[in-house]
Amino acid sequence: MKLTGVELRHVRMPLVAPFRTSFGTSTSRDVLLLRAVTAEAEGWGECVAMADPLYSSEYIGAATDVLTRFLVPALGAVEHLDANAVGPALSGYKGHRMAKAALELAILDAELRAAGRPLARELGAVRDRVPCGVSVGIMGSIGELLDAVAGYVAAGYVRIKLKIEPGWDVEPVRAVRERFGDGLLLQVDANTAYALADARHLSRLDPFDLLLIEQPLDEDDLLGHAALARLIRTPICLDESITSARTAVAAITLGACEIVNIKAGRVGGYLEARRIHDACMAHGVPVWCGGMLETGIGRAANVALAALPGFTLPGDTSASDRFYRTDLTAPFVLADGHLAVPTGPGLGVEPLPDVSPRSPPKLPGYRS
Ligand SMILES: CSCC[C@@H](NC(=O)CCC(=O)O)C(=O)O
Ligand SMILES: [Mg+2]
């Protein structure tokens, strides 16, 4: 394939309710969509970077700039382009994994649509539907939290994840465990809000039989997580720290985590995500698919990824209506606690007509 045009489309999606984490509260999600044009087919990608560099160092303005000035021109110079060529063609540019992931997904989508191959099969999916967990934000009160969790349990979600931070951790977890019983699959996500000195406090979560505690310490603190793992019983799962298969193996080898949250956007794309999956399986480490409030475009790719054999824990692959009143694609709807894996070529979903552009972008450059 030859890349003949790329369109960047910045969309603001209102959230159905504020979503509060240890690094702030969002009421809308800015999304950077990317459409790749080739002679054979078009492909879509979604950049999971937020509007501000709060989850990680990436943010939409930087992704837009690095795609426009460096990454898209670099791919435009590749004569025989396919998804496997994207990583090597962009390797000279450091970082910007979320921007690279969006571009690689669009090329992968175009390649697979042209070949009539579904993404799930390409990645090695072994399931046609995936069990879904849901991420629950920090709330204003325990009562509000219990109402929210009750709604998600009633909707059929098979696992509940609670965002925590200092001052909102042991009591919310205790309340949810007491209200919904020991059978509820329950985990927490700190988004780096704690320090190793909080170990004794975090060990107060041990009695609640959590599946895991996600990213309690700083992204770069593998040794701190390894020390914390020796001080608490709850298994540690890493998210922000895992930026590649190499860092996943380093974290596992150092004893920094027993479980890995795989987010293709965070690690540079779905091909690296599969490499992390394979490496974790080789080490006997279970993985699950994390979420970045993706629209149906990224959600379709995440559901395909979550269908791989090593994804043995429910992911943050919730239905479209968890965050959005209307999605950019046909909505993903929870059925018996599961989402069906798309079966069409490539992503298997299309942006709804009012999202997909009416006219192709000016060739050969880009339009942001
Ligand atoms: C956009 S910042 C959200 C990052 C957070 N993601 C979630 O909590 C899941 C959100 C979702 O269901 O997409 C995480 O650290 O795991
Ligand atoms: Mg997380």
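Numbers here simply count residues along the sequence, with the first being 1. For ligands, and for the atoms within them, numbers begin at 1 and follow the listed sequence.
- Between Phe19 and Phe323, the angle of the ring planes goes over 60°, which puts this pair in the perpendicular group of the 30/60° scheme.
- Taking 2.8 Å as the threshold, Glu240 does not count as a candidate ligand of the Mg ion (ligand 2), since none of its N, O or S atoms lies below it.
- No salt bridge links Arg97 with Glu58; every basic N to acidic carboxylate O contact stays at or beyond 4.0 Å.
- At the Mg ion (ligand 2), the angle from OD2 in Asp189 to OE2 in Glu214 is 90° when rounded to 10°.
- Protein heavy atom at the shortest distance from atom 16 (O) of ligand 1 is Lys161 NZ, 2.9 Å.
- With respect to Arg322 and Asp327, no salt bridge is recorded, no charged nitrogen being found less than 4.0 Å from a carboxylate O.
- Salt-bridge formation is detected for the pair Arg266/Asp239: a Lys NZ or Arg NE/NH1/NH2 atom is positioned less than 4.0 Å from an Asp or Glu carboxylate oxygen.
- Nearest protein neighbour of atom 4 (C) of ligand 1, counting heavy atoms only, is Lys263 NZ, 3.6 Å.
- Close approach of ligand 1 to Glu214 is summarised as follows: ligand atoms under 4.0 Å from at least one heavy atom of the residue are 16 (O).
- Geometrically, ligand 1 and Gly291 share a nitrogen or oxygen pair separated by less than 3.5 Å.
- When only non-hydrogen protein atoms are considered, atom 5 (C) of ligand 1 lies nearest to Lys163 NZ, 3.1 Å.
- Note on Glu165 versus Arg20: salt bridge recorded, some NZ/NE/NH1/NH2 to OD/OE distance being below 4.0 Å.
- Looking only at protein heavy atoms, the nearest one to atom 12 (O) of ligand 1 is Phe323 CE1, 3.3 Å.
- Shown in contact with Phe19 at under 4.0 Å from a heavy atom are these atoms of ligand 1, numbered in order with element: 8 (O).
- Remark: Arg274 does not engage Glu272 in a salt bridge, criterion side-chain N to carboxylate O under 4.0 Å.
- Close N/O approach between Leu293 and ligand 1 is found [any backbone or side-chain N/O within under 3.5 Å].
- Val170 and Ile164 fall within the same hydrophobic cluster, where Ile, Leu, Val, Met, Phe, Trp and Tyr residues are linked whenever their side-chain heavy atoms come under 4.5 Å apart, directly or through other members.
- Taking 4.0 Å as the cut-off between side-chain N and carboxylate O, Arg325 and Asp321 do not count as a salt-bridged pair.
- Salt bridge annotation for Asp169-Arg204: absent, with no cationic side-chain nitrogen under 4.0 angstrom from a carboxylate oxygen.
- Look at Asp239 and the Mg ion (ligand 2): an N/O/S atom of the residue is under 2.8 Å from the metal.
- Close approach of ligand 1 to Asp239 is summarised as follows: ligand atoms under 4.0 Å from at least one heavy atom of the residue are 14 (C), 15 (O), 16 (O).
- Looking at Asp189 next to ligand 1, an N or O pair under 3.5 Å apart turns up.
- Residue Asp316 approaches ligand 1 through these ligand atoms, each under 4.0 Å from one of its heavy atoms: 7 (C), 9 (C), 12 (O).
- Taking atom 8 (O) of ligand 1 as the reference point, the nearest protein heavy-atom neighbour is Ser135 OG, 2.7 Å.
- Close N/O approach between Tyr55 and ligand 1 is not found [any backbone or side-chain N/O within under 3.5 Å].
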Evaluate the criterion salt bridge (charged side-chain N to carboxylate O under 4.0 Å, His left out) for residue pair Lys161 and Glu214; output intermediate values, then yes/no. CA-CA 9 Å; Lys161 161 169 143 178; Glu214 190 179 339; 3.0 Å; yes
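- At least one N/O-N/O distance between Asn191 and ligand 1 falls below 3.5 Å.
- The aromatic rings of Tyr194 and His201 sit parallel, their planes meeting at an angle under 30°, below the 60° perpendicular limit.
- Residue Met50 approaches ligand 1 through these ligand atoms, each under 4.0 Å from one of its heavy atoms: 1 (C), 2 (S).
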